[in-house]
Amino acid sequence: MNKGHDQSQDHESSNTNVLTLDTGQNQNIEISIIGNPNVGKTSLFNILTGAKQYVANWPGVTVEKKVGTFKYKDATFKLVDLPGVYTLSSKSEDEKVAKDYIINKNYEIVILVADALNLESSMFLLLQLLEMNVNIILAINAIDEAKEKGRIIVPSPIIKTLNIPVVLTSARTGEGIDELLEVIYKYSLSKTKSRVKTRIKYPPNIDKFIQSFMELASNYPEIKINYSNYLENNWLPVYFLEFGNEDLNLPKSFLKELETLFDLDNLRAEYTKWKLDFISYLVSSSIINEGIDWSLRDILDHVLTHKVLGILIYIFAMFAVFSLTFNLAQPLSDLLELAFTSAGNYLSKVIPIPWLNSLVVEGVIGGVGGVLVFIPQIFILFFFLGFLEESGYLPRAAFLVDRIARSFGLSGRSFMSIILGFGCNVPAIISTKTIANKKERLALILSLPFASCSAKLPVYILLIGTFFSSNAALVLLLIYLSSIVLVLVSSKFLQRFITQSEDIPFIIELPRFRMPTFKNLAIYTWNRGKHFLQKAGGIILVATIIIWALSFFPNFGQDINSSYAAGIGKVFEPLTKHLGWDWRINTGLVFGIAAKEVVVSSYSTLFNVGEGSLSFALQNVLTPASALALIFFVLAYVPCFATLATIKSETNSWKWPIFTLFYTTVIAYLIANVVFFIGGIFI
Amino acid sequence: MKNKNIILLIISILSLIFMILNISINFFYVFAFLLISITAFYGFSGENEVWYHKSAHIMVSSLLGIFTMAYELLGILFSLISSELSNIKPNIYVIIFGIISIVIFIEELNYLKKIEQEAKRKKSL
């Protein structure tokens with residue numbers, strides 16, 4: 001197999017309007033992967049395309065389509081990875097993405113990935129796809145884990161009953177992948193007409209309903225026009241039976257006529273019972289169980305999902321991650337600092353022009369270097385957070401906090417977005433697509449900027465290392481827990497002003513515990529950490545040069561207190577003087593709007609020191625209470641430009657990013673004052 | 001292991017002792033040993049509807065002990081970058097408890113596997 005490349009864009013779905021060619025022109029044959037959340041779709045996508053999409057051990061990794069290509073024999077395939085869904089309704093954004101794609105039928109075949117350990121839940125989606133007359137290959141994944149648990153999958157009853165190809169695969173070990181490729185190749189290139197279509201046999205009452213529905217619909221031209229895709233293969237009556245009229249909006253007169261002909265409630269009950277019985281028969285005839293009702297997962301979940309111990313263990317896990325971040329990274333950070341100091345000393349001797357010397361040594365090396373020394377902390381933090389996520393532990397934390405989150409009008413699903421927000425707020429906001437309740441989603445989008453993203457980490461580490469070094473991990477834990485509380489309280493507060501309410505229960509399928517692979521952890525850590533490096537060479541460098549220029553001019557570095565930078569900071573001094581923040585602190589915060597890391601590089605430039613003595617300089621300016629207030633201000637104030645742009649694109653309105661801009665700043669200022677007041681008493 | 005109450009008692013008392021010994025050394029370890037102790041104590045509570053209740057508490061508390069030792073060992077490993085071997089002082093309590101935890105975890109896992117094998121054998125008969 002010649003692996004292709006991943007064509008997906010960050011935070012952006014791809015259009016998939018590529019023409020599927022007929023047999024004989026084996027190029028760009030479009031196929032897609034669909035399945036329940038967390039069954040290994042993205043893992044299969046990566047194996048087939050050679051892409052490096054991060055595969056998380058929790059549901060909701062893919063909320064938009066991902067597109068890649070691969071070659072097999074003489075054919076080129078375009079593979080579309082769809083979001084994980086249980087049904088093809090339109091309850092949430094990710095389901096809409098999957099449903100719209102499947103309905104438009106711009107593909108040749110669909111690979112439905114099912115979990116060998118939870119075959120039943122995939123069968124609902126399988127039947128729905130068959131009802132839509134989609135060409136399906138069923139890939140039953142995690143076959144290795146099923147074998148370990150004494151579960152043997154026998155695919156022949158499914159093949160005979162549904163007349164579809166079935167392949168047993170393991171994305172972890174690569175078992176069955178060659179067979180899957182061969183089946184994809186043969187099945188996609190066989191002439192469409194030669195494929196035997198499955199005709200589902202419904203009970204007589206349901207058949208009668210479908211027939212009458214279609215006859216009645218033919219009298220309504222608007223139904224023909226608006227639901228042409230649904231009418232093909234009689235899917236509209238079946239969809240109506242399963243999901244009702246909520247997202248169909250069929251004409252009222254049509255519904256009235258239908259109600260006079262049928263008792264719809266009874267019919268729905270009959271349809272549901274038939275479906276459950278059919279699935280139960282299929283699954284029971286395809287599985288042979290040799291084990292007993294025991295697994296390490298059950299044992300661990302018994303304690304880890306305990307309402308008291310579970311929360312304590314979660315706090316312990318986060319405490320351990322933050323302690324490791326500080327303790328392990330410090331020696332590496334010291335080495336980097338030494339390297340930048342040496343580079344600065346060398347360059348200060350060899351550059352003869354004073355202004356250029358100042359720009360390179362104090363501006364670029366001092367500013368950007370001052371931020372880059374935190375690379376070890378950022379990568380180590382993400383490595384261990386990745387370990388918790390990849391091992392399947394974090395979704396359990398979401399399950400645990402569901403009860404707490406519910407009292408704030410959110411669900412455990414929102415907690416997953418908050419955890420994502422610890423990396424970057426942009427994917428966290430995008431991940432809210434999985435939240436079906438619009439009120440909850442909007443409140444969460446507007447509150448997620450309070451989730452402490454990695455860009456703020458250098459500011460925390462600098463200030464915690466300077467003022468609270470003996471309890472560094474504990475203070476960092478406090479900040480992150482405060483960040484979660486802030487998102488929850490803010491969501492509750494904002495929901496009071498957002499109309500439209502609909503309580504949707506949170507259903508999460510706890511993933512299996514897995515020992516994370518180093519490769520997946522490396523991808524996770526790199527994906528999260530690389531933005532920091534990209535920003536260091538881009539926006540941080542530019543901002544640092546601007547800050548240097550503003551502090552150097554108009555008096556050529558003679559008196560920084562009368563520079564342009566001082567002018568900017570002094571504007572805010574009446575608001576911040578009582579907190580112990582002088583103009584340099586304020587100027588850093590102003591430039592931090594571009595990217596939070598710039599706060600640290602600004603301080604390095606404005607205090608005119610390298611990172612090591614920056615701590616000393618800050619101790620002369622700030623008290624522990626004012627430093628703590630500054631930490632909390634940075635935690636909450638204005639999100640970066642990328643986050644504001646994402647809020648705009650997700651809400652389709654400029655109103656909300658502008659609101660967020662002011663809302664977060666006001667809240668940050670209030671919190672800073674409260675923290676300063678309380679800190680002044682206790683510290 | 002058959003005598004689960006004794007194992008739970010050993011874990012909870014030992015972790016409490018190590019917690020006290022660490023009070024003046026490291027707050028993180030105090031929290032870790034306290035949590036291990038609480039987890040083991042919860043094992044005594046009578047949730048009899050789950051047959052593996054006590055086993056679960058034994059295994060999770062010993063796993064926490066193993067993770068705490070892994071934390072200590074990682075710290076030692078990274079300290080080697082910046083300081084000499086003679087300057088590094090390992091927390092011996094954490095390492096002792098970690099080794100005990102490994103033994104308990106493996107023993108309990110083997111015991112559960114043995115039960116599974118017996119059940120399989122009975123099923124096949």
Side-chain angles (χ1 to χ4, degrees), chain A residues 148-150 289-338 376 380 383-384 387-388 391 393 470-477 513, chain B residues 26-43 45 47 49-64 67-68 70-83 88 105 108-109 111-124:
Chain A
E148 280 169 20
K149 292 190 187 307
N289 259 322
E290 287 189 334
I292 63 161
D293 188 21
W294 172 82
S295 72
L296 190 60
R297 171 192 163 166
D298 298 333
I299 298 262
L300 297 179
D301 273 341
H302 179 66
V303 181
L304 295 180
T305 55
H306 188 278
K307 59 184 177 185
V308 179
L309 282 176
I311 299 275
L312 287 175
I313 292 172
Y314 172 69
I315 292 171
F316 169 71
M318 295 309 283
F319 194 0
V321 167
F322 295 136
S323 294
L324 286 166
T325 302
F326 271 102
N327 298 342
L328 304 190
Q330 199 53 53
L332 300 170
S333 204
D334 290 344
L335 286 177
L336 273 175
E337 193 190 319
L338 190 69
I380 287 174
F383 183 85
F384 287 109
F387 185 91
L388 292 180
S391 65
Y393 177 69
S470 53
N471 293 306
L474 200 61
V475 175
L476 196 58
L477 178 69
F513 283 109
Chain B
N26 188 324
F27 179 74
F28 174 75
Y29 291 136
V30 173
F31 185 69
F33 282 121
L34 180 67
L35 182 62
I36 293 166
S37 184
I38 293 171
T39 307
F41 267 122
Y42 257 93
S45 68
E47 283 185 45
E49 70 274 17
V50 183
W51 66 268
Y52 48 73
H53 170 72
K54 283 187 180 4
S55 292
H57 282 267
I58 289 171
M59 291 184 80
V60 173
S61 51
S62 56
L63 259 181
L64 289 171
F67 279 125
T68 309
Y71 170 91
E72 173 68 12
L73 294 177
L74 268 174
I76 294 170
L77 200 71
F78 273 69
S79 301
L80 288 173
I81 298 170
S82 58
S83 56
I88 295 163
F105 185 83
E108 191 59 32
L109 193 66
Y111 176 75
L112 289 169
K113 280 182 180 168
K114 208 173 115 187
I115 292 176
E116 188 181 17
Q117 290 303 321
E118 277 174 20
K120 265 188 188 176
R121 196 167 50 80
K122 280 179 189 170
K123 212 176 180 180
S124 62

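In this text the structure is predicted, and so the values were computed from the model without any measurement. Below, chains carry the letters A, B, ... as their sequence lines are ordered, and counting in each starts from 1.
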Handout entry: Verdict with reasoning, A:Leu324 to B:Phe78, per side chain to side chain contact (heavy atoms under 4.5 Å, CB included)
Key = CA-CA 10 Å; A:Leu324 286 166; B:Phe78 273 69; over 6 Å; no
Exercise for the section: Using non-hydrogen atoms and a 4.5 Å limit, figure out which bit of B:Leu63 sits close to chain A: side chain, backbone, both or neither. Expected result: side chain
Problem - Residue part contacting chain A, namely of B:Ser61, when any heavy atom lies under 4.5 Å - result: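 Neither part.
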Problem - Option in A:Leu474, A:Asn327, A:Leu328, A:Leu300 with maximal non-hydrogen atom pairs under 4.5 Å from chain B - result: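 It is A:Leu328.
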Problem - Close approach to chain B in residues 307-314 of chain A, criterion heavy atom under 4.5 Å - result: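 Listed by number, the contacting residues are A:Val308, A:Leu309, A:Leu312, A:Ile313.
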Exercise for the section: Taking the side chain as every heavy atom from C-beta outward, state whether B:Phe27 and A:Phe319 have any atom pair closer than 4.5 Å. Expected result: yes
Practice task
Please lay out, stage by stage, how B:Leu34 and A:Phe316 fare under the test side chain to side chain contact (heavy atoms under 4.5 Å, CB included).
Solution key: CA-CA 10 Å; B:Leu34 180 67; A:Phe316 169 71; over 6 Å; no
Exercise for the section: Name the orientation class of the two ring planes belonging to B:His57 and A:His302 (parallel below 30°, tilted from 30 to 60°, perpendicular beyond 60°). Expected result: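 Perpendicular: the ring planes of B:His57 and A:His302 meet at over 60°.
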Side chain, backbone, both or neither: which part of [X] has an atom under 4.5 Å from a heavy atom of chain B?
X: A:Phe384; answer: side chain
X: A:Ala320; answer: both
X: A:Ile380; answer: side chain

